[in-house]
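So the structure is just underneath, and the comments pick up after that.
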Amino acid sequence: MKPKLQDKRWSKDFEKPLYEEWKRKKLYAFNRKSRKPVFSIDTPPPYVNTPVHIGQATTYILMDFFARFKRMTGNEVLFPLGLDRNGLPIEMAAEKRFKVKLTSLPRRKAIALCKRILEESSMASTETFLRSGISFNSWVLGKLTGDVYYTDSPEYRALTQGTFIDMWKAGLIYEDERVCNFCPGCRTTIADAEVEYRNLPSTFNDIVFRCKETGEKIIIGTTRPELVCTCGMVIFNPNDKRYKHLEGKTAITPVFEKEVPIRSHPAAEMEKGTGIMMMCSFGDLTDIRFFREMKLEPVIAIDKSGKMNRNAGILRGLGIEKARQKMIEELKRKKLLVGQKRVSHRTPVCERSKDPIEFISMKEFYVRQIDQKPKMKEMAKKLKFFSPRSRQILIDWINTVSIDWPISRRRYYATEIPLWYCKKCGEPVLPPKGRYYQPWQEKAPIKKCPKCGGGEFRGEERVFDTWFDSSISPLYILMYDKDDDFFRKHSPCTLRPQGKEIIRTWLYYTLLKCYLLTKKSIFRDVWINYHIVDERGHKMSKSVGNVIDPADVIDRFGAEPLRLWAAIEGNLTRTDFRCSFERIEGAGKTLTKLWNVARFISMFQAPEHKPKLMETDTWILHEANKLVEFAGKCYENYDFHNPAVRIKHFLWETFASHYIELVKSRAYNQNNKFSRDEQDAAIYTLNKVLDIIMKLMAPVIPFITYIIYRKLHGKDIHFTEFPVPEKTKKPGFDTDTLLQLNSRIWKKKRGKGLSLKSPIKTITIPQKFRGIEKDFKETHNIQEIKYS
RNA sequence: GGGCCGGUGGUCUAGUUGGUUAGGAUGCAACCCUCACACGGUUGAGAUCGCAGGUUCAAAUCCUGCCCGGCCCACCA
């Protein structure tokens with residue numbers, strides 16, 4: 001008897017022809033004409049120019065489980081691949097690669113360099129997804145539903161601009177001059193969501209102020225001496241007896257000799273520094289609040305280029321660092337610096353460039369988000385979160401939102417703000433929706449200003465925050481503003497899968513913006529993943545050098561062990577998990593097991609009709625059916641972990657070790673001890689259970705299940721129906737007792753050094769096993785069975 | 001400082017509506033090439049379930065405090 005599966009084991013080399021075939025035949029393309037319900041997945045577009053990392057690959061693999069499962073349960077799955085090509089990361093890469101500051105180049109030149117970076121960025125990440133067996137709708141850039149899309153394509157940018165135009169008209173956007181987070185490195189305003197904190201070394205300087213009334217010295221500690229020129233007040237804690245007598249008096253700042261009031265205020269802590277502090281505009285966010293609270297007039301000393309301006313007197317024209325040095329020298333010269341101490345200072349930095357941010361007053365566009373906080377919270381509560389506890393991260397963030405969303409940026413490689421201004425009266429002019437505009441190099445869409453009749457216009461030069469682009473991904477994939485019928489029918493998007501670290505950005509902004517535009521929640525489900533960390537539990541990062549490239553893992557072990565590992569290792573919606581090659585490799589053993597079980601079964605010719613089953617057969621079918629029920633329920637809730645663990649266990653410990661052993665002789669039937677029907681019943685059941693296992697596992701391990709199923713049935717398993725629970729007869733015995741009974745007999749024979757085939761004269765077993773007597777007798781070579 | 005999460009054999013992990021000899025995987029040791037599979041099988045060693053209290057007939061599981069790790073937020077002259 002020759003098995004239909006000839007190879008002795010599964011090999012990772014079997015994968016390549018398969019994914020190439022799937023890609024070539026466009027098997028998973030989205031069919032717009034399908035009558036099936038649409039299950040849409042708004043996948044996170046990774047940056048094209050950064051290699052995929054193992055955590056990212058793992059999350060796409062998990063999304064692929066969902067997509068494949070949904071396809072097998074009668075859904076038309078919208079699962080497009082998007083690639084993010086906008087914004088600072090691209091510009092940073094260009095600056096690094098060409099060793100230039102883009103801000104010092106003409107705009108066209110800067111954009112050209114970014115384009116070159118994008119051209120050079122290989123399709124390495126896409127290749128990794130392909131090799132991982134991800135069933136994206138398409139692998140080619142296109143305009144059809146489900147095609148690969150770029151966030152910098154004219155279509156995508158046109159939609160971004162279209163949403164701006166709509167929001168502008170709805171009065172949701174306004175321009176205002178106020179203090180913003182400003183990154184001197186990127187030379188642009190950034191949102192609170194783009195700020196992160198770093199511990200940076202800094203120097204704490206004790207400098208001398210003087211009291212005008214008493215002439216006494218006041219020693220004040222500061223890390224920002226260059227801001228003395230903006231000092232608006234000197235404060236100490238109301239309970240601080242040391243300074244009580246200064247209340248209401250006047251301090252004279254060093255070097256600048258400006259008079260400022262001295263007050264008590266709880267913001268000053270007695271234990272910190274000298275207990276008395278200068279309040280400047282603006283060293284950090286508390287300063288901003290303080291100036292507002294005290295109704296002080298801020299002094300702006302840093303300009304848009306990150307340099308000190310004329311308010312800084314002798315420091316004028318210097319960058320922050322240089323200005324600080326110069327100020328310290330000046331203080332030293334005047335003997336007004338009485339102490340210095342190195343400290344580590346938690347500093348707000350730009351999440352992209354890592355430059356310390358400054359607070360500078362600038363005119364920017366804002367999206368009204370403060371008004372929406374109650375609505376956002378309500379939406380957050382209604383969304384289905386997987387796991388539910390991730391909801392809190394979003395709610396916490398909504399609670400901390402304290403200013404409107406600044407959306408304009410002073411950069412180049414991003415979507416342009418579609419506006420022109422009348423040169424005569426300044427009236428802003430909005431173009432009609434429908435195409436992509438570049439106002440800085442394009443003529444205004446109208447000839448005459450509607451307000452003053454002027455004929456000359458200036459194009460807006462600023463661009464959008466990249467989150468203003470990214471926050472429309474579900475609108476884009478659902479053909480918003482392109483095919484209203486499709487959008488209406490298939491919105492909300494079924495699933496947003498994403499990392500926990502971008503809840504405050506991607507998820508929040510998407511919900512906000514889509515709500516502002518459609519007045520509805522754009523998602524039904526939100527699936528939040530934690531992280532894959534390195535073997536020691538540390539976050540992977542380029543600078544630490546512990547990043548694992550999934551391509552290497554696939555080279556070594558293939559995609560299937562990686563995929564199975566991703567399912568078995570843990571529940572990524574609840575906890576981080578560690579990446580270990582050893583364990584990924586270990587997952588491969590289950591593939592071998594499955595392969596060999598299938599290889600064994602493939603030796604027999606499956607019967608054409610369902611034969612009458614014996615009790616051993618109904619028992620295993622009953623067990624398999626429990627698995628079907630469990631898996632189906634869990635998969636619906638995006639839980640592949642628990643079923644995968646259970647299916648794997650069932651495969652090894654129940655099906656292979658016990659059922660197969662029990663019916664082996666019946667399937668071979670070499671001595672014709674069984675009837676043809678009985679033999680067929682075994683073969684039928686072996687095939688049936690194998691099919692169930694394979695279909696349950698097909699979303700997880702698509703390659704091996706595809707090959708086996710095709711060899712056995714000549715069909716593509718991924719286009720078969722996912723098993724549904726069937727009515728099965730409950731066997732007269734329970735599984736554990738049977739397993740124990742078999743094991744005890746095998747153990748006893750081994751203990752006596754006997755072969756497992758050695759005969760047993762008589763044995764007494766419980767009555768309930770009467771139904772499987774024939775198989776049981778053959779398996780253990782028993783001459784006589786007695787029942788108790 | 002506030003919040004959230006986690007701390008279970010060497011390693012990773014399940015179990016946390018209180019009652020199991022605390023399950024599995026991996027690793028380790030020993031034996032076995034039994035005709036689907038040595039990427040297999042069998043057996044075995046290995047856990048005071050972070051620490052200290054408390055509630056209870058009974059605690060990995062509930063309560064309190066503490067320690068350690070991670071993440072988020074706020075703040076630091």
Side-chain angles (χ1 to χ4, degrees), chain A residues 1 3 5 8-11 192 196-197 199 202 204-207 220-225 227 231 234-236 267-269 271-280 283-287 343-348 387 389-397 399-400 402 500-501 503-504 530-531 533 535-539 561 565 568-571 574-580 582-583 585-604 641-642 645-646 648-649 652-653 656-657 660-661 664 667-668 670 686 743 746-747 749-751 753-758:
Chain A
M1 283 196 281
L5 298 175
K8 271 201 95 175
R9 58 179 54 108
W10 169 256
S11 157
D192 287 350
E196 61 179 38
Y197 290 84
N199 277 317
S202 167
F204 198 77
N205 304 282
D206 287 336
I207 62 178
I220 287 178
T222 180
T223 54
R224 303 291 305 266
L227 292 178
C231 176
V234 166
I235 61 166
F236 60 90
E269 288 179 43
E271 305 76 35
K272 281 216 173 116
T274 53
I276 187 160
M277 67 192 287
M278 63 170 185
M279 295 307 293
C280 299
D284 58 49
L285 288 164
T286 34
D287 294 347
V343 287
S344 178
H345 189 80
R346 203 163 143 83
T347 314
S387 69
R389 71 161 82 119
S390 297
R391 184 194 318 273
Q392 200 52 40
I393 306 177
L394 176 62
I395 290 175
D396 286 350
W397 176 250
N399 283 332
T400 46
S402 63
K500 64 172 173 180
E501 79 288 358
I503 288 178
R504 66 173 185 165
Y530 281 59
H531 292 294
V533 293
E535 261 175 315
R536 284 173 302 160
H538 296 295
K539 198 169 158 179
W565 168 82
I568 302 271
E569 187 71 1
N571 183 345
R574 289 177 50 187
T575 170
D576 290 347
F577 54 78
R578 302 184 182 197
C579 179
S580 142
E582 205 174 53
R583 309 176 90 71
E585 191 178 15
K589 290 187 180 183
T590 298
L591 300 172
T592 309
K593 191 73 183 179
L594 177 63
W595 184 263
N596 277 294
V597 165
R599 190 163 174 264
F600 167 71
I601 294 172
S602 78
M603 285 195 298
F604 309 104
H641 170 66
N642 286 300
V645 170
R646 225 162 114 174
K648 179 186 169 188
H649 189 260
W652 289 81
E653 308 302 333
S657 298
I660 291 186
E661 291 307 326
K664 214 176 225 176
Y668 280 121
Q670 275 161 332
L686 284 166
S743 299
W746 285 323
K747 193 173 172 181
K749 285 187 178 177
R750 272 200 199 90
L754 297 170
S755 136
L756 296 184
K757 285 275 162 227
S758 65

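These numbers come from the heavy atoms of this one structure, side chains and all, not from hydrogens, waters or symmetry mates. Lettering of chains follows the sequences in order, A, B, ..., and the numbering in each one begins at 1.
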Query raised in the report: Ignoring hydrogens and angles, are the base of B/C37 and the side chain of A/Arg9 linked by a donor-acceptor pair under 3.5 Å?
Result: no
**Report entry** Distance, P atom - from B/A45 to B/A25, rounded to whole angstrom
**Finding:** 16 Å
**Report entry** Sugar-phosphate, base or nothing in reach of A/Thr222, heavy atoms under 4.0 Å
**Finding:** sugar-phosphate
Report summary line: Ranking B/C37, B/A14, B/A25 by distance to the side chain of A/Arg583, first place goes to B/A25
Report summary line: On RNA chain B, more 5' by nearest nucleotide between A/Glu569 and A/Trp652 is A/Glu569
Query - Pairwise P distance, B/U17 and B/A60 [rounded to whole Å] - result: 14 Å
Query raised in the report: So do A/Trp397 and A/Ile503 actually touch side chain to side chain, heavy atoms under 4.5 Å?
Result: no
Query raised in the report: Taking the same atom, C1', in B/G18 and in B/U56, what whole-Å distance lies between them?
Result: 9 Å
Query raised in the report: Does the side chain of A/Lys593 get closer than 4.0 angstrom to OP1 or OP2 of B/G41 through an N or O atom?
Result: yes
Query raised in the report: When you compare B/G9 with B/C49, how far apart are their P atoms, in angstrom units rounded to a whole number?
Result: 10 Å
**Report entry** Donor-acceptor under 3.5 Å (A/Lys749 side chain, A/Leu756 main chain)
**Finding:** yes
Report task. Indicate yes or no for a side-chain donor-acceptor contact from A/Ser657 to the backbone of A/Trp652 under 3.5 Å, with no hydrogens or angles considered. Result -> yes
Query raised in the report: Think A/Lys589 has a side-chain N or O under 4.0 angstrom from the OP1 or OP2 of B/G40?
Result: yes
Query raised in the report: Quick one: which of B/C37, B/G3, B/A25 gets closest to the side chain of A/Glu653?
Result: B/A25
Requested in this report: With C1' as the reference atom in both, quote the distance from B/C37 to B/U21 in angstrom, rounded to an integer.
Outcome: 32 Å
Report summary line: Stem ranges of RNA chain B by first residue number, counting only runs of at least 3 Watson-Crick or G-U pairs under 3.5 Å, come to B:1-7 with B:67-73, B:10-13 with B:23-26, B:28-32 with B:40-44, B:50-54 with B:62-66
Query raised in the report: Taking atom C1' in both B/G6 and B/G15, what distance in whole Å separates the two?
Result: 15 Å
